[in-house]
Amino acid sequence: MKEVRVRFAPSPTGALHIGGIRTALYNYLLARQQGGTMILRIEDTDQNRFVPGAEEYILESLQWAGIEIDEGVSKGGPHAPYRQSERKPLYQKYAQQLIAEGNAYYAFDTEAELEAMRERLKHQHSSDQQYGSGTRMQMKNSLTLSASEVSQKINAGEQYVIRLKVPANEEIKLNDLIRGEVQVNSSTIDDKVLMKSDGMPTYHLANVVDDYLMKISHVIRGEEWLPSAPLHVLLYRSFGWEKEMPRFAHLPLLLKADGNGKLSKRDADKAGFPIFPLNWTDPRTNEFSKGFRESGYLPEALLNFLAFLGWNPGTEQEIFSVKELIHSFSLERIARHGAKFDIQKAQWYNQQYLKSKTSEELTKYLLSSLAQENISCMPEKALKICDAMRERVSFPQDFWEHGKFFFIAPSVFDQSVTSKKWNSEVVKFLDQFISHLKTIETTAANEIKIALEKTSHTTSISSGKMMQPLRIALTGGASGPDLMAIIDILGKEETIQRIQYAITSIPVKTT
RNA sequence: GGUCCGUUCGUCUAGGGGUUAGGACAUCAGAUUUUCAUUCUGGUAACACGGGUUCGAUUCCCGUACGGACUACCA
């Protein structure tokens, strides 16, 4: 079997869409599994859509996700350059070859003329409304013009494009690794522009030429390319590269979670989840978008989630490390239908990956949040906090978000609880509890429990009922980690102070 | 409009001519717990429709419907 060489080929027109990460991932998994090569090629043949910073963004996103590039932009390699704009002369050469062999031709039609053609065909209710075998002889091109007219126009600097001469009525077959055989009649394919009037190639030409030159073995890309795949087959044939033609695998699209259609930034914004891997500010509009990274998604969790959007191993295992993904992945097991993007599952994956970390690892997250808040904390204390909270976090920032009370004494108390439960009994109990607390040596759980029992005994109030008010006094909220652990972490003095403050500031419910 | 692709619980999906149609997320209920969460147990919930083929079809074929992609000198 041929050496596996795959490429991820985004264009730098903005932030990389999360679907792009999945495409890159599938390419990467195949490359790694087969001991092949992962190539990054930048498809920047549209100068109008170039966005500054987009290429760097792509690079950083892949790096964050852990998708390593073996060859390509930022990395170099035997087929450099890997930026299509830097390969410009190459495409010109191949386009000329096509013309010389009669497989392509010059076209001089203006935009207005093209528009007029489409209008005309539309009015005739022609099923064939394209620049192709049925219409090309009515247009202004090197097929209808004499050779001298053509060279005269070119020498005069008139704008032209180069179009592929698509044969009429031929069945073009394509064996897609995911969809099986796809057959299209060549008459439904138009004479696609190969070289634009600015001298740049279109995607179609650049993509085929580069995949050939870079010895790509598998083209793994989104389903939006499926309709033009037969055209690409035709190009390989025109070049005489059929034997070297890569295998195709067209991936199902990522769809929006509710309703129908392709997942878009708008939908993600509306539902309040990211769609880009990293934070991104569009330089044209200054619009800011939050990334998965900054939202607290772990790259390995995101990759696991993404891998399962359209692929599954056929077993009931759901948690796969990248290593396991590499081992189990296969193009044959990729689904044919689009997958709705369900952020809840992504959150679940994140939680699973977070929970699998050691408390020491988790401590780093808390410490970094604290650093941002300018709060200092001994590592031992941070460790205790993370230990107490690890079962109830989904994101790294949750340690701080849900654990602020460890550092900041509550000033407001959850009224839905205090209004119902904060009665004179509570005050009596907590008051007594303080005295008993003062007598204990340490704040170890068993000692606190003893203090609690003593309080219960001297007040004749069951301690069970008092736990919720105690929690309110210490944290301000009605839920959170184990109370004994909280008291232990807070320490005796702080605990007493907080209870005292609660007693003086929470209004007592009468009867 | 044309071309192409698709359709199993709300979602991601397994399965495949005869199954109680399996799992996971979400959801609901119960258990555990000082609360929440975790964990455990259980529940609700799906083969788009119509024709064939067949003893039998969710599975194969054909239609229809619905959805999607493409239809640029964008990728």
Side-chain angles (χ1 to χ4, degrees), chain A residues 9-13 43-46 48-49 84 107 109-111 114 118 122 125-131 159-163 174 176 178-180 182-185 187-190 192-204 206-207 221-230 250 252-253 255 257-262 305 308-319 333 335-349 351 355 389-394 398 402 417 449 452 463-472 475 477-484:
Chain A
S11 52
T13 54
E43 312 228 324
D44 56 347
T45 53
D46 187 350
N48 302 322
R49 291 212 309 161
Q84 288 184 329
D109 316 273
T110 64
E111 212 170 301
L114 290 172
R118 288 190 200 108
K122 211 169 168 181
H125 294 287
S126 170
S127 64
D128 176 31
Q129 300 180 9
Q130 58 193 12
Y131 200 125
Q159 296 242 306
Y160 66 89
V161 299
I162 296 175
R163 286 180 182 271
L174 155 80
D176 188 274
I178 295 171
R179 279 147 224 286
V182 177
Q183 199 182 73
V184 181
N185 189 291
S187 296
T188 66
I189 302 174
D190 61 348
K192 278 271 176 325
V193 171
L194 264 20
M195 292 294 291
K196 301 185 266 192
S197 56
D198 64 359
M200 276 292 197
T202 58
Y203 171 84
H204 306 291
N207 155 267
R221 76 234 292 190
E223 193 188 354
E224 67 267 30
W225 292 110
L226 191 54
S228 51
H250 289 96
L253 262 19
L255 273 20
D258 55 335
N260 304 307
K262 207 155 72 159
F305 166 66
F308 271 68
L309 241 34
W311 174 85
N312 83 86
T315 66
E316 289 185 353
Q317 185 182 344
E318 304 258 352
I319 304 287
R333 290 201 65 89
R336 284 177 288 276
H337 54 268
K340 292 188 179 179
F341 193 85
D342 179 12
I343 196 68
Q344 288 198 91
K345 193 121 186 195
Q347 280 165 6
W348 177 78
Y349 269 113
Q351 191 186 23
K355 270 170 55 183
M389 293 189 64
R390 57 176 305 134
E391 294 299 334
R392 63 206 85 227
V393 291
S394 293
D398 287 350
H402 301 165
V417 180
K449 273 184 185 148
L452 236 26
S463 60
K465 273 187 182 170
M466 294 298 116
M467 297 306 268
Q468 190 74 325
L470 179 56
R471 173 179 298 281
I472 287 283
T475 72
S479 67
D482 180 71
L483 254 183
M484 302 309 130

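Side-chain atoms are counted along with the backbone in the values below, which use heavy atoms only and exclude waters and symmetry mates. Throughout, a chain's letter reflects where its sequence line sits, starting with A, and its residues are numbered from 1.
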Check every atom of C73(B), C4(B), G23(B) against the side chain of Val182(A) and return the nucleotide holding the closest atom.
C4(B)

In whole angstroms, how far is the P atom of U13(B) from the CD atom of Gln317(A)?
17 Å

Base, sugar-phosphate alone, or nothing: which one does Arg390(A) contact when heavy atoms must sit under 4.0 Å apart?
nothing

Base, sugar-phosphate alone, or nothing: which one does Lys122(A) contact when heavy atoms must sit under 4.0 Å apart?
nothing

Using atom C1' in both nucleotides, what's the gap between C73(B) and G68(B) to the nearest angstrom?
27 Å

Quick check for you: among C74(B), G6(B), U11(B), whose closest atom lies nearest to any side-chain atom of Arg179(A)?
G6(B)

Which of the following nucleotides, C73(B), U3(B), A14(B), is nearest to the side chain of Thr188(A)?
U3(B)

Choosing from U11(B), C70(B), A75(B), which nucleotide comes nearest the side chain of Pro227(A)?
C70(B)

Is the distance from OP1 or OP2 of A14(B) to the nearest side-chain N or O of Asn312(A) less than 4.0 Å?
yes

Expressed in whole Å, how much space separates the P atoms belonging to G63(B) and U3(B)?
13 Å

What's Leu226(A) touching, base or sugar-phosphate or nothing? Going by heavy atoms closer than 4.0 Å.
sugar-phosphate

What does Thr315(A) touch in the nucleic acid at a heavy-atom separation under 4.0 angstrom: a base, only the sugar-phosphate, or nothing?
nothing

Within this structure, what is the CD-to-C1' distance between Glu223(A) and C4(B), rounded to whole angstrom?
9 Å

Which of these nucleotides, U39(B), A14(B), A75(B), is closest to any side-chain atom of Ser11(A)?
A75(B)

Report which part of the nucleic acid Ala339(A) touches: base, sugar-phosphate, or nothing (heavy-atom distance under 4.0 Å, all strands).
sugar-phosphate

Could you tell me whether Pro230(A) contacts a base, only the sugar-phosphate backbone, or nothing, with contacts defined as non-hydrogen atoms closer than 4.0 Å?
nothing

Rounded interatomic separation in angstrom, taking CH2 from Trp348(A) and C1' from A24(B):
6 Å

Counting only side-chain N and O atoms of His337(A), is one of them less than 4.0 Å from OP1 or OP2 of U13(B)?
yes

Where the side chain of Glu318(A) is concerned, which of A75(B), U39(B), A24(B) is the nearest nucleotide?
A24(B)

Check this one for me: any side-chain N or O of Arg163(A) less than 4.0 Å away from OP1 or OP2 of C73(B)?
yes

Nearest-Å distance once atom P is located in both G10(B) and U44(B):
14 Å

Base, sugar-phosphate alone, or nothing: which one does Asp109(A) contact when heavy atoms must sit under 4.0 Å apart?
base

Could you tell me whether Ser197(A) contacts a base, only the sugar-phosphate backbone, or nothing, with contacts defined as non-hydrogen atoms closer than 4.0 Å?
base

I'd like the P distance from U27(B) over to A37(B), given in whole Å.
10 Å

Remember a base hit wins even if backbone is also touched, and classify Glu43(A) as base, sugar-phosphate or nothing at under 4.0 Å, heavy atoms.
sugar-phosphate

At under 4.0 Å, does any side-chain N or O of Arg333(A) touch on OP1 or OP2 of G15(B)?
yes

Aromatic rings His204(A) and Trp225(A): how do their planes relate, parallel, tilted or perpendicular, breaks at 30° and 60°?
perpendicular

Provide, to the nearest angstrom, the distance between the CD1 atom belonging to Ile472(A) and the C1' atom belonging to U35(B).
9 Å

Side-chain N,O (Lys196(A)) to OP1/OP2 (C74(B)) below 4.0 Å
yes

Check whether any side-chain nitrogen or oxygen of Lys345(A) sits under 4.0 Å from OP1 or OP2 of G23(B), and answer yes or no.
no

Would you mind telling me which of Lys196(A), Gln84(A), Met200(A) makes a side chain to side chain contact (heavy atoms under 4.5 Å, CB included) with Asp46(A)?
Lys196(A)

5' precedence on RNA chain B between Met467(A) and Arg336(A) (nearest-nucleotide basis)
Arg336(A)

Would you mind classifying the nucleic acid contact of Gly477(A) as base, sugar-phosphate or nothing, using non-hydrogen atoms under 4.0 angstrom?
nothing

NA contact type, Tyr203(A), heavy-atom cut-off 4.0 Å: base, sugar-phosphate, or nothing?
base

Measure CG/Leu253(A) against C1'/A75(B) and give the value in whole Å, please.
14 Å

Ranking G23(B), U39(B), U13(B) by distance to the side chain of Glu316(A), first place goes to G23(B)

Nearest whole Å is fine: how far is A75(B) P from His204(A) NE2?
8 Å

What is the separation between atom CG on Asp176(A) and atom P on A69(B), rounded to the nearest whole Å?
18 Å

Separation between the P atoms of G22(B) and G43(B), rounded to whole Å:
11 Å

C1' atom, A48(B) versus A65(B): distance in rounded Å?
8 Å

Classify the nucleic acid contact of Gly464(A) as base, sugar-phosphate or nothing, counting any heavy atom under 4.0 Å across all strands shown.
nothing

Length of the CE-C1' vector between Met466(A) and U35(B), whole Å
14 Å

